[in-house]
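Here's the structure, in structure tokens; my notes come after.
Hydrogens, waters and symmetry mates are skipped; everything else that's a heavy atom, side chains included, is used. Chain identifiers are assigned alphabetically (A, B, ...) following the order of the sequence lines, protein sequences preceding nucleic acid strands; residue numbering begins at 1 within each chain.
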Amino acid sequence: MTVRTRVAPSPTGDPHVGTAYVALFNYCFAKQHGGQFLLRIEDTDQTRSTPESEAMILSSLRWLGLSWDEGPDVGGPHGPYRQSERSALYARHAQVLLDRGEAFRCFCDDARLSQMRAAQQAAGTGKLGYDGRCLHLTAEEVAAQLAAGAPSVVRLKVPREGMCVIHDLLRGEIEIAWDQVDMQVLLKSDGMPTYHLANVVDDHDMEITHVIRGEEWITSAPKHLRLYEAFGWRPPQLCHLPLLRNPDKSKLSKRKNPTSITYYQRVGILPEALLNYLGRMAWSMPNEEEKFTLAQMIEHFDLARISLGGPIFDIAKLNWLNGRWLREELSVDALAARLASWALNAGYMKEILPMLQPRLERLSDIGPFSGYFLSGHIEVDPALYESKKLDAEGVKRCLAWGMWRLDQLSAWTTEGIEGALRSCAVELDVKLKDLLAPFFPAITGRKSATPIFETMRVLGRDLSRARLRDAVQALGGLTKGQEEELRAAMRALDARGGEEEGEEG
RNA sequence: GGUCCGUUCGUCUAGUGGACUAGGACGCUGGCCUCUCACGCCGGCAACACGGGUUCGAAUCCCGUACGGAUCACCA
């Protein structure tokens with residue numbers, strides 16, 4: 001049996017380092033066993049998935065040097081590799097489950113479900129999850145509802161007693177009582193599958209032998225095992241990797257740490273070094289060498305060398321490792337070539353020069369003027385943030401509010417940035433000029449500079465965000481209370497709420 | 001809160017019952033090298049969460065406690 005592993009990112013945001021981390025381990029495991037590694041796009045969430053995000057994920061993983069034997073761009077015998085193109089397959093399989101009595105139609109709407117949850121919460125018995133109301137519908141009742149055009153979902157039947165035993169390659173046997181497992185929705189009312197159904201159907205169809213994914217999936221493993229059983233399929237080996245953490249130990253998130261691969265690319269981390277560092281997360285070479293290539297990692301890879309405590313993503317150590325790669329592996333020629341492909345090239349010059357040209361008196365002015373277009377982080381000088389119109393708290397509020405509004409932008413364009421910041425000024429009831437004042441030092445390190453919207457656009461979302469965050473932090477940061485208050489105010493302003501990124505593993 | 005997973009220096013980790021006076025690396029720090037800085041080299045600080053067992057012997061095995069994390073969606 002050939003080993004086949006996969007990484008299955010959801011194209012709902014920036015390419016996440018966690019995705020690369022999980023991809024790396026899957027890749028090494030497969031390659032070491034002479035097997036295949038595939039890439040599958042889990043875009044069943046129609047409202048959040050975007051083609052731009054998918055493209056960035058693919059190019060980021062390629063940039064790192066990871067390649068896949070089968071995937072949406074390279075094809076393969078088990079395609080398509082994009083779940084949105086496989087809908088018919090899931091609907092068919094949901095029907096099989098319905099026919100076998102392993103699943104049931106459910107007509108409960110949002111209102112009833114939230115009412116049910118509220119009641120369960122109030123009862124405080126600790127028993128949560130779908131109460132099984134539609135489980136008792138007769139075939140006639142279901143047919144009648146369907147005929148009447150009532151929207152419905154398909155839910156999985158789950159035993160109400162007994163234990164589910166998960167065999168985890170890293171942790172041994174994990175037992176979870178079936179009554180802790182919800183009767184998961186498999187097919188949404190829009191006809192799309194949920195992650196759980198699509199994942200199981202695809203892993204089986206694509207002959208995945210080992211599912212190596214993040215620890216966050218442990219508690220839904222019983223649902224997956226139940227599905228394999230219901231279909232009569234043999235489940236793959238499961239292996240749950242420890243999660244990458246923020247310095248405060250919580251799951252790595254962009255609110256607290258840069259998480260986008262493109263950020264690390266932008267600040268000048270070499271792909272080899274980032275991959276190397278990710279390989280050092282929870283794993284070590286037998287000889288404890290810190291620096292190694294992908295080929296060396298494959299050669300020595302061993303699941304037994306994975307430690308289970310969640311590693312904190314430490315940028316200081318990543319920087320040190322990157323420095324070693326820079327000075328130990330690159331000749332001056334090679335370094336020059338790297339710098340050229342990074343930013344010291346005509347393409348990038350042509351992006352920033354239109355902003356610079358009107359401000360130049362001598363060619364040499366390019367030095368002081370272009371510094372912030374090439375730097376990573378900017379040193380924060382509090383004096384530059386002093387404002388006649390706003391107090392220190394007001395300045396921080398402008399920066400934080402603007403940063404969050406910018407986060408909500410789906411496309412990072414000059415117009416989008418301008419629009420977002422203009423509405424911030426209205427929302428905070430300050431003049432645009434006063435709102436923007438602290439953005440100049442935060443983004444460029446100067447009180448005045450090139451046009452801020454276009455400058456931020458060129459710098460990119462990740463770096464702009466990181467610099468804004470640095471500024472807020474260096475100005476004393478927001479207290480938990482202030483942050484909560486501000487976020488609440490923002491939530492109140494827009495009834496809806498956009499939230500954090502998520503990805504498979 | 002229920003369930004599950006985890007716990008070795010601040011951080012990444014080595015360690016799979018005796019070789020542990022717990023090793024390496026980042027960071028911090030003292031020094032050397034040196035026109036400065038960086039690199040490099042030498043040194044220092046710093047950890048087995050706690051309590052019970054099992055054993056001749058426990059960082060390593062078992063139980064409990066504490067702490068941390070994840071998860072409880074028609075998101076993945």
Report task. For the residue pair A/W233 and A/F231, categorise the inter-ring angle as parallel (less than 30°), tilted (30 to 60°) or perpendicular (more than 60°). Result ->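 It falls in the parallel class, under 30°.
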Under 4.0 angstrom, heavy atoms only, what part of the nucleic acid is [X] near: base, sugar-phosphate, or nothing?
X: A/R305; answer: sugar-phosphate
X: A/V153; answer: base
X: A/M192; answer: nothing
X: A/S189; answer: base
X: A/T44; answer: sugar-phosphate
X: A/E175; answer: sugar-phosphate
X: A/C108; answer: base

Query - A/Y195, nearest nucleotide to its side chain (from B/C12, B/U3, B/A76) - result: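 Looking only at side-chain atoms, A/Y195 lies closest to B/A76.
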Report task. Sugar-phosphate means primed atoms, P, OP1 and OP2; the rest is base. With that split, encode nucleotides 62-70 of chain B 5' to 3' as B, S or - using protein heavy atoms under 4.0 Å. Result -> ------SSS
Requested in this report: Produce a footprint string for nucleotides 23-29 of chain B: one letter per nucleotide, 5' end first; B if the base is under 4.0 Å from any protein heavy atom, S if only the sugar-phosphate is, - if neither.
Outcome: BBBS---
Roughly how many Å apart are [M] and [N], using the [atom1] atom of each and rounding to a whole number?
N: B/U13; M: B/U21; atom1: P; result: 25 Å
N: B/A70; M: B/C74; atom1: C1'; result: 23 Å
N: B/C33; M: B/G40; atom1: C1'; result: 8 Å
N: B/C41; M: B/A14; atom1: P; result: 23 Å

Requested in this report: Only one of A/R82, A/R40, A/R62 passes salt bridge (charged side-chain N to carboxylate O under 4.0 Å, His left out) with A/D73; say which it is.
Outcome: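 For A/D73, the salt bridge (charged side-chain N to carboxylate O under 4.0 Å, His left out) test succeeds with only one of A/R82, A/R40, A/R62, which is A/R62.
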Query raised in the report: Would you say A/R48 reaches B/A76's phosphate, i.e. side-chain N/O to OP1/OP2 under 4.0 Å?
Result: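 False: A/R48 side-chain N/O out of range (4.0 Å or more) of B/A76 OP1/OP2.
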**Report entry** RNA chain B: 5'-proximal contact among A/F313 and A/C106 (nearest heavy atom)
**Finding:**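 Comparing both residues, the 5'-ward one is A/F313.
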Report task. Go ahead and name the base partner of B/C41; Watson-Crick or wobble counts if both distances stay under 3.5 Å, otherwise write none. Result ->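 Looking at the geometry, B/C41 pairs with B/G31.
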Query raised in the report: Is the A/W217 to A/Y195 ring centre distance short of 6.0 Å?
Result: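 Yes, ring centres under 6.0 Å apart.
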Report task. Identify whether the distance between the nearest side-chain nitrogen and carboxylate oxygen of A/E290 and A/K317 falls below 4.0 Å. Result ->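 Salt bridge present between A/E290 and A/K317.
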Query raised in the report: If you measure from the Lys or Arg side-chain nitrogens to the Asp or Glu carboxylate oxygens, is any gap between A/D203 and A/R4 under 4.0 Å?
Result: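 Salt bridge absent between A/D203 and A/R4.
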Report task. Scan residues 261-273 of chain A against RNA chain B and write down, sorted by residue number, each residue with any heavy atom closer than 4.0 Å; if none is found, say none. Result ->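 Per residue number, the list is empty: none.
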